[in-house]
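I have placed the structure first, in the form of structure tokens, so that the comments after it can refer back to it.
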Amino acid sequence: MNKIKDEFIADPKNGGSPIKKKITVVLVGNPNCGKTTLLNRLTHSKESVGNYPRVTVTLARKSCVHDGLHIELIDTPGIYALTSQSGEERETREFIHSGQADIIVNVLDAGNLERSLFLTSQLIEMGLPMLFVLNMSDEAHSRQLTIDHHGLSSMLGGPVYESIATRGEGIKALLDGMVHMHRQKVSPEPVFLPYDAHLERAVEKVQRLVFELHPGSFDHNQSRWLAIKLLEGDDQILVQEGEHAHLLEMVHRQRYDLARDHGEECEFLFAAARYGFVHGMVTEAVHAPKTATGFLDWTNRLDRIFLHRFLGIPLLLGLLWIMFQSTFSLGEIPMGWIEAGVGWISATVASHIPAGLVHDLVIDGIIAGVGGTLVFLPNIIILFFFMALFSETGYLARAAFLMDRSMHAFGLHGKALIPLIMGFGCNVPAVMATRTIEDHRSRMITILVSPFMLCSARLPVFILFAGAFFGEQAGLMVLLMYFLSIVIAMVAAVVLNRLILRRDENPFVMELPPYRLPTLRAVMIHMGDRVAGFLQKVAGVILVGSIVIWYLQAFPRHEILNHDYDAEIARFQHMPEAVMYHETINALKMKKSQEELEQSYLGRIAQAIAPVFSPLHFTWKDTVAVLTGFVAKEVVVASYAVLYAQNDGVKERSESLRRALSTTMTPWEAFTFMVFALLYAPCLGTIATIRKEAGGWIWAGYSVVFSLTLAYSLSLSVIWIGGMVS
Amino acid sequence: MEYRLVDLKPGETGKIKGISGSINNKRRLTAMGIVQGKEITVEMIAPMGDPRIYSVLGYRLSMRNEDAQTISVVRT
Ligand SMILES: Nc1nc2c(ncn2[C@@H]2O[C@H](COP(=O)(O)OP(=O)(O)OP(=O)(O)O)[C@@H](O)[C@H]2O)c(=O)[nH]1
Ligand SMILES: [Mg+2]
């Protein structure tokens, strides 16, 4: 009751009839026309944008209050037409058809009106209240296009606004427009597209029958719209009318007759009529200069370099190399500062807390684990900075174009490249991004292989290990891991194709947007999102993980050891002249902590599982790290930090974890661990996303089993080869 | 003279005559402006000759040759 009261208030101007206080507005338009950028501006949100088609793959709801009106805005995945087939496009279409929206805002790319208006021609027939926004009007201006708003507005039957979403221009006017449209309650002017006589006759016939079958529920416009949709073969509407066999039969006959007479399927007759209508509108309302389009010159020039037949792919590889290399080497510098900072905090805190359990928990558990992970923040920031640049400039779409053929050879869809590159950042959005792949099989393959991409969560593990075991060659080793992750993803795709999934290709048609200068705001959103995600993990799962591991390792406390080490150590300390005095004491201390560990909960767990990993030469600490990594890969490093802080007294953080690690394995063993860490099971977040996106635990389970098997057998081969070589 | 879109060379322009192939293929292409009567120009070629970039309705799209095979054009 309260909710209803809230939503409706009496409007004095309206004779007391209630009007809604809250409205739902949906943003609809072609992919990459700037809907999300607009939504961010309208509602001060931070949704991800990018200069390539199909960034948004799911509905997003945000809200704002303007002029006393609560406006809920829905951002939708971009669509080129209402007949769209792929998952994310259907979501948009279903939302539009669901009737939840009070107003539709049709976002148009002002520099690309003719194509944008095709979708518009389908939307305006629905007879819903609509606003039109000519976004990217800066680009239209620089192409010297002049657009007659009034003309367009009267042809479209709704007000036309102009905006530059990236700069926030035209936002207020648009909000005013929404409020105005809502308050005025102007019933939308129906727009009738002019179809030729044959089509009109068919529409009329079907419309009449629709009217009869649904007495009183549709007005003239609605029944006409339904008739057109039925004739166009809209599957959603056909299913909806499924009970009326008579109607469907009639529709079928009309479609058949029209197709026979025109030598073209019915829906394409409608499409042709729409394009005719759109072309007429554009000719009337848009005035372009006679001479060429200056604005696209830049795109042309850059494409001549980046898409060069011979230079294109080397350039792409070079850019990826620069990204990975800077992530590693530039990250080193601030990493040192953070390490020093953490070391200082640790020392300061240590001196204020008396020795004991609390001291150990804070220093060896929390600060070691959280600090040990936090040092990788610079690497993550740099990586995502590059990822943001790639996606914001429009280069990512080019990369997909360049690599399409090669992807094809590996049995992947060309569209798979974007999710895979996103996988370098985080596998969760990568799996989501596979929604743009229509073909179920290709999509499943992409979902299964994308977790092999070396994500930013695994990066710390490799930086740590490369630094500990490969000294001078550390940077090279990290690059090698990236290379390995790509090769393995590709090989896995081939294997999956052969073994399980048959291929069934869909057309790969992709819009190539013009190059755009990345806006600071968009780059910040992109990076901020990820950095916030990382920090959240540090404050959440890593903090908890560190405490749990510390606890499991420190308890149970008062177990009786086989040997009274303390007494023996004390005995040695009382004999100052003893030979090898220090070494003996140290050896005793080691033995003591070793035995304590074996008796701890963690030691017992690890010992139970150790046989599984002993063929890979993993120590029990490695085993523990691997186990904790199932939750989130960042925890692997935190585990090491806690494990070594506690037992080996790695107190001052800087460099020490590396040094402590470096004595525990041979480089081959370290490499084996790295290979295993790269491949074994996606993190929980990714597994959950796979389940959701692939539609079932089967796929998630499949992914886990597949990657575990691959990780184990490959690591086994590595250690085996290592044994042969050395 | 009627050609397939794949037969056009870079820089050449053709007028679209029709699309064959599956209904899905046709739907997608239609929605992106590949319709009878529109002019389409070959702009660029990927390293291995496939896919290629075309411009139509004033914007650019990339398309695989196997899809371009389904589009018939007349040279202009
Ligand atoms: N020059 C210019 N660029 C814009 C404008 N609006 C958006 N952009 C850029 O266009 C690109 C696409 O913007 P998005 O907001 O991601 O587009 P979208 O419509 O949400 O795209 P999808 O989610 O893929 O459907 C981004 O790089 C934006 O920065 C504008 O008014 N002018
Ligand atoms: Mg978007």
Side-chain angles (χ1 to χ4, degrees), chain A residues 30 79-86 109 111-116 118-119 143 233 263-265 267-268 271-272 274-276 278-279 282 288 293 296 299-300 303-304 307-313 397-398 400-406 408-409 414 438 505-514, chain B residues 2 4-6 8-73:
Chain A
N30 284 174
I79 51 175
Y80 290 108
L82 283 176
T83 42
S84 306
Q85 291 301 313
S86 66
D109 175 351
N112 232 328
L113 262 191
E114 193 159 355
R115 194 203 59 214
S116 311
F118 179 70
L119 172 65
R143 286 163 82 166
E264 178 73 289
E265 274 120 313
E267 67 172 283
F268 300 109
R274 293 181 191 287
Y275 272 108
V278 167
H279 187 70
V282 171
T293 51
L296 283 179
T299 292
N300 270 327
D303 270 347
R304 229 165 276 154
L307 301 184
H308 189 275
R309 281 200 78 165
F310 304 116
L311 293 181
I313 289 183
R398 267 79 187 173
F401 167 76
L402 284 171
M403 295 305 291
D404 177 58
R405 194 55 223 262
S406 325
H408 214 42
E438 281 153 75
E505 277 288 342
N506 262 292
F508 173 59
V509 193
M510 181 183 62
E511 177 186 353
L512 286 175
Chain B
E2 199 171 309
R4 305 266 114 196
L5 184 54
V6 267
L8 294 188
K9 295 190 179 57
E12 286 185 337
T13 300
K15 196 174 222 156
I16 299 165
K17 286 289 286 181
I19 312 170
S20 54
S22 76
I23 191 115
N24 249 343
N25 177 38
K26 216 166 150 178
R27 257 187 202 156
R28 182 150 290 280
L29 293 175
T30 302
M32 296 184 76
I34 315 253
V35 275
Q36 199 181 351
K38 302 288 177 205
E39 290 201 336
I40 186 163
T41 306
V42 186
E43 297 280 350
M44 285 198 149
I45 303 189
M48 279 173 275
D50 184 19
R52 307 200 296 176
I53 296 178
Y54 301 88
S55 66
V56 66
L57 292 187
Y59 83 102
R60 297 171 146 214
L61 51 79
S62 90
M63 200 189 320
R64 279 188 186 153
N65 291 348
E66 74 183 276
D67 300 319
Q69 183 73 41
T70 64
I71 299 168
S72 58
V73 292

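Throughout, a chain's letter reflects where its sequence line sits, starting with A, and its residues are numbered from 1. All heavy atoms count here, side chains included; hydrogens, waters and symmetry mates do not.
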* **Residues in residues 37-45 of chain B near chain A [non-hydrogen atoms, under 4.5 Å]** =>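 Residues in range: B:Lys38, B:Met44, B:Ile45.
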* Asked: Under the salt bridge (Lys or Arg N to Asp or Glu O under 4.0 Å) test, which residues partner A:Asp303, sequence neighbours left out?
  -> A:Arg398, B:Arg60
* Asked: How far apart are the C-alpha atoms of B:Tyr59 and A:Glu114, what are their side-chain angles, what is the distance that settles it, and do they pass the side-chain contact (heavy atoms from CB on, under 4.5 Å) test?
  -> CA-CA 10 Å; B:Tyr59 83 102; A:Glu114 193 159 355; over 6 Å; no
* Identify whether the distance between the nearest side-chain nitrogen and carboxylate oxygen of A:Glu267 and B:Arg27 falls below 4.0 Å. => yes
Considering all heavy atoms of both residues, which atom of [X] and which atom of [Y] are nearest to each other, and what is their separation?
X	Y	value
B:Ser20	B:Asn25	O-ND2, 3.7 Å
B:Ser72	B:Glu2	CB-OE2, 3.5 Å
B:Leu5	B:Tyr54	CG-CE2, 3.6 Å

* Got a second to check how far A:Met510's CE is from B:Met32's CE, nearest 0.5 Å? ->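 So the gap between those two atoms works out to 9.0 Å.
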* Might you confirm whether atom CZ of A:Arg405 has over 12 heavy atoms from other residues, nucleotides or ligands at distances under 6.0 Å? => no
* Asked: Quick one: what part of B:Ile19 sits under 4.5 Å from any heavy atom of chain A, side chain, backbone, both or neither?
  -> neither
* Hey, which of A:Met403, A:Glu264, A:His308 has the most heavy atom pairs under 4.5 Å with chain B? -> A:Glu264
* Asked: What part of A:Arg304 lies closer than 4.5 angstrom to a heavy atom of chain B: side chain, backbone, both or neither?
  -> both
* **Under 4.5 Å from any heavy atom of chain B - which part of A:Phe401** =>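 Its backbone and side chain both get close to chain B.
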* Structure fact -> Looking only at B:Ala46, B:Ser62, B:Gly33, most heavy-atom pairs under 4.5 Å shared with chain A are made by B:Ser62
